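A quick write-up on the structure given underneath.
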Amino acid sequence: MKRAWIVIAVVAVIAVGLGAGLWLYRGSVARDIADIKSRLVSEAALAHPEESETMSAIKLAPIQCERVFDLRANALARFFEGAELEALWQHCQRIADIASGLDRIERQSPP
């Protein structure tokens, strides 16, 4: 009977440790996302890509978008913040379109 209590205590300690680790990791992912958001050019600024401040922010965006890509590749990060990561990825795609000029090309349907 004494061994059973020891096993139960060990399993409880492991479970608490895993839970705390996941909670800390989730907080880390949330902080990373908040940091990326603060560094990316905003939607409002994207409306005026010709401004010098916006242009420089667009040039620096690939660094932050690579961080988003890395987080999207992580299964736990996707589990915790999947919708937020997907929204950031879409924003990165829009920035890339503006940077490459694809936003100015008229989309024509095939004949």
Side-chain angles (χ1 to χ4, degrees):
M1 188 69 172
K2 189 175 185 180
R3 288 185 188 190
W5 285 110
I6 292 173
V7 170
I8 290 172
V10 168
V11 169
V13 167
I14 291 171
V16 168
L18 284 174
L22 287 174
W23 181 74
L24 290 171
Y25 183 75
R26 183 178 187 185
S28 171
V29 169
R31 281 189 301 276
D32 283 348
I33 289 173
D35 182 55
I36 292 167
K37 278 181 164 182
S38 72
R39 294 172 188 260
L40 279 176
V41 61
S42 69
E43 281 291 331
L46 286 177
H48 307 287
E50 66 281 346
E51 293 179 6
S52 64
E53 190 174 305
T54 303
M55 288 172 120
S56 60
I58 288 172
K59 288 179 185 175
L60 293 174
I63 297 166
Q64 300 307 317
C65 291
E66 187 173 329
R67 291 175 64 196
V68 174
F69 182 80
D70 290 344
L71 283 171
R72 287 180 71 226
N74 185 312
L76 281 175
R78 274 196 328 267
F79 176 76
F80 290 130
E81 301 288 342
E84 191 72 30
L85 286 171
E86 198 55 39
L88 273 175
W89 185 247
Q90 294 302 320
H91 186 65
C92 284
Q93 294 297 318
R94 176 151 159 62
I95 293 170
D97 286 350
I98 290 172
S100 65
L102 290 177
D103 64 316
R104 294 189 189 127
I105 297 174
E106 288 187 32
R107 310 249 190 245
Q108 297 178 354
S109 59

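All of these numbers come straight from a predicted model, not from anything done at the bench.
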Q) How long is the span from the SG atom in Cys65 to the CZ atom in Arg39, to the nearest 0.5 Å? A) 13.0 Å
Q. Taking all atoms of both residues into account, what is the closest heavy-atom pair of Ala45 and Thr54, and its distance?
A. O-CG2, 3.3 Å
Q: Look at atom CD of Glu66 and say whether more than 12 heavy atoms of other residues, nucleotides or ligands are closer to it than 6.0 Å.
A: no
Q.
Under the criterion salt bridge (charged side-chain N to carboxylate O under 4.0 Å, His left out), I'd like the reasoning laid out for Arg31 against Asp35: C-alpha separation, chi angles, the key distance, then a yes or no.
A. CA-CA 6 Å; Arg31 281 189 301 276; Asp35 182 55; over 6 Å; no
**Q.** Atom pair CG/CG of Asp32 and Leu88 - distance to nearest 0.5 Å
**A.** 11.0 Å
Q | Arg94 and Glu43, any side-chain heavy atoms less than 4.5 Å apart | A | yes
Q.
So if I apply the side chain to side chain contact (heavy atoms under 4.5 Å, CB included) rule between Phe80 and each of Leu71, Leu22, Leu85, Asn74, which one comes out positive?
A. Leu22
(Q) If hydrophobic clusters are built from ILVMFWY residues whose side chains come within less than 4.5 Å, do Trp89 and Ile95 share one? (A) yes
Q. Taking a hydrophobic cluster as the set of Ile, Leu, Val, Met, Phe, Trp and Tyr residues connected by side-chain heavy atoms closer than 4.5 Å, whether directly or through intermediates, do Met55 and Leu60 fall within one such cluster?
A. no
Q: Taking all non-hydrogen atoms of both residues into account, name the closest pair between Ala30 and Glu81 and its distance.
A: CB-OE2, 4.2 Å
Q | In one Ile/Leu/Val/Met/Phe/Trp/Tyr side-chain cluster, 4.5 Å: Ile33, Leu76 | A | yes
Q | Test item: His91 side-chain N/O and Leu40 main-chain N/O as donor-acceptor pair under 3.5 Å | A | no
Q | Tyr25 atom OH, neighbour heavy-atom count above 12 within 6.0 Å | A | yes
**Q.** Exam field: side chain Ser100 to backbone Ala96, donor-acceptor pair closer than 3.5 Å
**A.** yes
Q: Over all heavy atoms of both residues, which pair between Ile58 and Ala99 is shortest? Give the atoms and the distance, please.
A: CG2-CB, 3.6 Å
Q. Is a salt bridge present between Arg78 and Glu86, judged by a nitrogen-to-oxygen distance below 4.0 Å?
A. no
Q: Test Lys37 against Gln64 for side chain to side chain contact (heavy atoms under 4.5 Å, CB included), laying out the working first.
A: CA-CA 9 Å; Lys37 278 181 164 182; Gln64 300 307 317; over 6 Å; no
Q: Over all heavy atoms of both residues, which pair between Val68 and Cys92 is shortest? Give the atoms and the distance, please.
A: CG2-SG, 4.3 Å
